[in-house]
Every structure is written in structure tokens, then in C-alpha cells.
Amino acid sequence: MIFDRDKQFELEDQFLASYAVKSKNSKGRKHPESEDFMRTPFQKDRDRIIHSRSFRRLKMKTQVFVAHHGDHYRTRLTHTLEATQISRDIARSLGLNEDLAEAVTLAHDLGHTPFGHAGEEALNELLKPFELSFEHNEQSRRIVEELEQVYPDFHGLNLTHEVRQGLMKHQTPWDQKNNHFEGASLEAQVVNLSDEIAYNNHDVDDGLRSGLITENQLQNLPIWQAATEKVTQTYGEIKDQTIHRARTVSKMIGLMIQDLIEASNPEKNLICFSPQVATWNKELKDFLADNFYFHPEVLALSKRGQQIIQDLFANYHQSPNHLPKEDQQAISTGVPLEIVIKDYIAGMTDEFAEAERERITSL
Ligand code: MG
């Protein structure tokens with residue numbers, strides 16, 4: 001038996017909850033196209049995102065700077081994969097459309113600049129004098145609607161309305177605008193909180209690995225206490241620090257996922273933590289901000305990244321001929337110089353940005 005698209009539509013009707021977004025009800029794509037005989041529209045979107053150039057560049061973009069570079073720290077790519085795993089688990093448990101949640105999560109960070117949020121802030125500041133701004137959600141939308149160019153007749157990936165909506169509704173405390181979360185699909189809300197669960201927990205893991213934060217500091221946090229208690233119940237006392245860290249972080253993720261599944265009220269269009277875990281999560285976030293994201297060593301590296309972005313912007317602005325040929329062409333067809341520079345810098349990986357500064361300043 002072949003589980004073609006129509007069969008999958010049938011299975012969705014059978015197995016998804018009434019409040020899930022059904023693939024067969026998708027509002028479709030901006031540029032009409034014939035649909036696949038095997039895949040649902042959201043599965044098709046997922047594949048387009050994974051095969052895009054912007055997705056591949058996530059592997060070399062910083063999530064949080066850590067003083068000691070190493071093979072085991074998260075990048076935007078591994079963050080994206082972890083967040084996707086969490087959103088799929090939650091979507092499945094709530095009877096939501098796992099394919100939609102997967103596609104939105106895979107694309108949710110495509111618009112990030114090099115050098116993490118420090119890079120985003122720097123680029124935003126540089127654009128202000130030109131009455132422009134930079135915001136990574138808006139840039140994710142721009143990437144999938146404009147900048148990816150893989151079709152002869154139109155720009156962008158021509159994703160479904162639902163996936164594009166999910167990207168716009170994606171909102172984290174870092175986000176500066178688009179404060180309208182109302183009307184977001186349940187799947188998009190799941191993505192939003194899965195992103196938080198992923199980064200809060202892996203930042204604890206990376207923070208501990210780097211030595212910039214310690215387990216002692218975490219001991220006052222109720223979420224850490226609850227997780228260590230469960231770990232001790234299961235394994236007894238774990239002497240090896242690396243194993244203890246791994247089990248505790250894993251347990252924190254599990255606690256948050258389970259709480260979210262139990263506390264959410266999909267009938268009322270609400271995906272949320274219980275009040276207790278929401279407070280624990282907020283305390284964890286505040287802890288990470290104070291002790292990790294604003295750690296002097298992290299700040300020094302953030303500043304360095306910002307300087308690279310400032311140097312690149314100033315150089316291209318003064319000498320647009322340092323931009324790639326296709327960008328120079330875009331300028332000649334009327335795209336404003338600052339927008340071309342913004343898109344080019346935003347798309348860079350950390351390493352490329354650094355190498356590019358070397359190259360253009362020695363021209
Ligand atoms: Mg994210």
C-alpha cells in the first residue's frame with residue numbers, strides 16, 4: 001500500500017485533533033503550483049527549507065558566544081534541530097499537525113545574522129540612520145519569500161500560507177516588534193515555546209561546559225532543583241560531572257515538555273506552561289541573562305562580532321563595488337544600497353564575515 005498525499009489527508013482527518021491545522025485545508029501558496037502526489041503541502045515546505053542555502057548556513061552561525069570554541073557547543077543549526085525535535089514531540093502529543101510544526105521550526109531562525117543577537121543589534125543600529133531596521137523574524141520571512149532564488153518564475157520558496165504565518169508569529173523576548181501573537185495557529189505557538197525550551201536548556205549545558213557558569217550557581221533555581229531530585233531518584237548520586245550535567249539538562253527539558261503538554265488548553269487556542277513552570281522558566285531565563293549572556297567574556301566576544309559587522313557595513317557603503325556581482329546588479333535595478341548590504345551581511349556565517357572583513361579592508 002502506498003501512503004500517498006490523499007491517504008495522508010485521510011490519516012490526518014482520522015488522527016489529528018479537531019483544532020489542528022489540516023494539510024488539506026491549507027490556504028495554499030502565493031504562486032499556484034501543482035501539489036506533490038506523495039507529500040502533503042507542509043511536508044513539501046519542510047523539504048524546501050532543508051534544501052535551501054540559508055538553512056545550510058545555520059551550521060556556521062553563533063547561537064551564544066562562548067569563550068572557548070569547541071566541537072560540542074550549539075550552533076544555530078543544532079539549536080534548530082533540537083527545537084524541531086521538541087516541537088514535533090509536543091505537536092504529536094497534542095494531536096496537532098507535526099509536519100507544520102516541523103516546517104516552521106526548521107525555518108524559524110533562518111533570518112539570524114552572524115554573531116547571534118549581538119550581530120542583530122549592531123545591524124539594526126547601522127540601519128537606523130536610513131530609516132530602516134533589522135529584525136530576524138522579518139528577515140526569515142524575507143528569505144523564504146524573496147532572497148532564496150531557486151525557481152525560474154518567482155523569487156522565494158513559495159511556502160504555504162500557514163508556514164509563512166507561523167514564521168511571522170514566532171516571538172521570543174528578544175523580538176522587538178510584531179507583538180501580536182493572537183490568531184497564531186496552535187502549531188506556531190508550540191514552535192515558539194519549543195524554541196524557548198531548547199535554548200534555555202542548551203544554554204545551561206553550554207554555559208556549564210564553558211565554565212562561565214557553575215552547577216553551584218544553578219542550585220538556587222527551582223527548575224534545576226526539581227530536575228536534580230528526579231535524576232537522583234533514578235540513578236542515585238552521579239559522581240561524574242559530565243554525566244550529571246547531561247542527565248539533569250535532559251530532565252529539565254522533559255519536565256518542561258510534560259508540563260506544557262499538560263497545562264496547554266488547545267480547545268481555548270492556548271499553548272502554555274503551568275503558572276509554576278512559567279515562573280521557573282522565567283527565573284532560568286533571568287539567570288542565563290545575568291550570568292551567561294552578559295558574562296564579561298561573552299560580552300567581549302559580542303563586541304568583537306559587532307565591530308566586524310560595523311566594519312563590513314561601512315566598507316560596502318563606501319565601496320559598493322566590494323559587494324558580489326549579483327548584489328551590484330540588484331543595486332543597478334533600483335534596490336536601495338542599504339537593503340542590499342543588510343541582506344548580504346545578515347546571510348553571512350560568523351567565519352565568512354570575519355574572512356570577508358579581512359578581504360575587503362585589504363583591497
Ligand atoms: Mg531559535
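When a ligand or atom number is given, it counts from 1 through the structure's own listing order. Numbering of residues begins at 1 and proceeds along the displayed sequence.
- Around the Mg ion (ligand 1), the two atoms NE2 of H108 and NE2 of H79 are separated by an angle of 90°, to 10 degrees.
- For Q258, the side-chain hydrogen bond (donor to acceptor under 3.5 Å, both in side chains) test picks out E262, with sequence neighbours left out.
- Nearest N, O or S atom of D195 to the Mg ion (ligand 1): atom OD1.
- D109 has its closest N, O or S atom to the Mg ion (ligand 1) at the position named OD2.
- In summary, D45 and R48 do not engage in a salt bridge, as defined by a charged side-chain N under 4.0 Å from a carboxylate O.
- A centroid separation of less than 6.0 Å is found between the aromatic rings of F154 and H31.
- Between H112 and H79, the ring center distance fails the sub-6.0 Å criterion.
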